[in-house]
Structures are given as C-alpha cells and as structure tokens.
Amino acid sequence: MLADALEHLVRGVVDHPDDVVVRDKTLRRGTLLEVRVHPDDLGKVIGRGGRTAKAFRTVIGALAGKNGARIDFVDTDRRR
C-alpha cells in the first residue's frame with residue numbers, strides 16, 4: 001500500500017511518469033521504499049533544499065504509522 005501511494009504522489013510531480021518505479025523492500029530495521037526516476041526528474045523529486053523529498057517522507061511516514069518507512073530516491077542511470 002505504501003509503495004502504491006508513493007508512486008502515485010511521485011508520478012504527479014515528474015515530467016516522465018512512465019519511468020517512475022517504486023520498490024518495497026523489507027529490512028531488519030523496517031521498510032525501505034526505493035524510488036527510481038528519470039535523471040531529468042531527480043531534481044523535481046528532491047526539490048529545493050530537499051523540501052519535496054521531505055514532504056514525501058512526511059506523508060508516507062503518516063501512512064506507515066509507528067512502523068515507519070525509509071525512502072531512497074535513485075535516478076535510472078544508476079540502476080546497477
């Protein structure tokens with residue numbers, strides 16, 4: 001559910017919504033949501049001074065509840 005919500009939010013911000021991929025990984029410390037976007041959209045997702053990324057983290061944190069979730073933003077050039 002968290003991955004779907006984050007993907008929906010990110011697709012609304014970027015210029016290349018078809019390149020948005022959100023992967024949900026369960027780690028010992030909790031959930032990790034890895035967001036991959038087109039290289040041209042990375043700045044839009046992070047925002048000025050990280051404001052947009054912080055807003056994404058705030059919304060997803062509220063949805064996740066006490067378990068929380070980490071979010072990492074990655075551009076598609078660094079896939080491997």
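Because only heavy atoms are used, hydrogens play no part in the values below, and waters and symmetry mates are left out as well, while side chains stay in.
- Residue Leu32 is not grouped with residue Leu2 when hydrophobic side chains (ILVMFWY) are merged at heavy-atom distances under 4.5 angstrom, including chains of intermediate members.
- A chain of hydrophobic side-chain contacts below 4.5 Å, direct or via other Ile, Leu, Val, Met, Phe, Trp or Tyr residues, connects Met1 to Val10.
- For the side-chain hydrogen bond (donor to acceptor under 3.5 Å, both in side chains) test, no residue two or more places apart in sequence or in another chain qualifies with Lys54.
- Listed here is the closest heavy atom pair of Thr52 and Gly47: OG1-CA, 3.5 Å.
- The CZ atom of Arg51 sits 13.0 Å away from the OG1 atom of Thr58 when rounded to the nearest 0.5 Å.
- Using a 4.5 Å heavy-atom threshold, the side chains of Ile71 and Leu6 count as touching.
- Residues satisfying the salt bridge (charged side-chain N to carboxylate O under 4.0 Å, His left out) criterion with Asp72, sequence neighbours excluded, are Arg70.
- Listed by chain and number, the residues in a salt bridge (charged side-chain N to carboxylate O under 4.0 Å, His left out) with Asp18 amount to none (sequence neighbours excluded).
- Closest approach of Ile60 to Leu33, counting heavy atoms only: CG2-CD1, 3.8 Å.
- His8 pairs by the ring pair (Phe, Tyr, Trp, His ring centres under 6.0 Å) definition with nothing, not counting sequence neighbours.
- Residue pairs meeting the ring-ring contact (aromatic ring centres under 6.0 Å, His included) criterion with at least one partner in residues 44-69, sequence neighbours excluded, are absent.
- A donor-acceptor contact shorter than 3.5 Å links the side chain of Arg11 to the backbone of Pro17.
- Put simply, NE2 on His16 and NZ on Lys44 are 9.0 Å apart, with the number rounded to the nearest 0.5 Å.
- Grouping the Ile, Leu, Val, Met, Phe, Trp and Tyr side chains by contacts below 4.5 angstrom, directly or via other members, places Leu63 with Leu9.
- Looking at Val35 and Val74, their side chains never come closer than 4.5 Å, going by heavy atoms from C-beta outward.
- In terms of modelled atom types and a separation under 3.5 Å, the side chain of Asp19 and the main chain of Val37 share no donor-acceptor contact.
- Listed by chain and residue number, Glu34 satisfy the salt bridge (charged side-chain N to carboxylate O under 4.0 Å, His left out) test with Lys25 (two or more places apart in sequence, or in another chain).
- Judged purely by atom type and a 3.5 angstrom limit, Asp41 has no side-chain atom pairing as donor or acceptor with the backbone of Val14.
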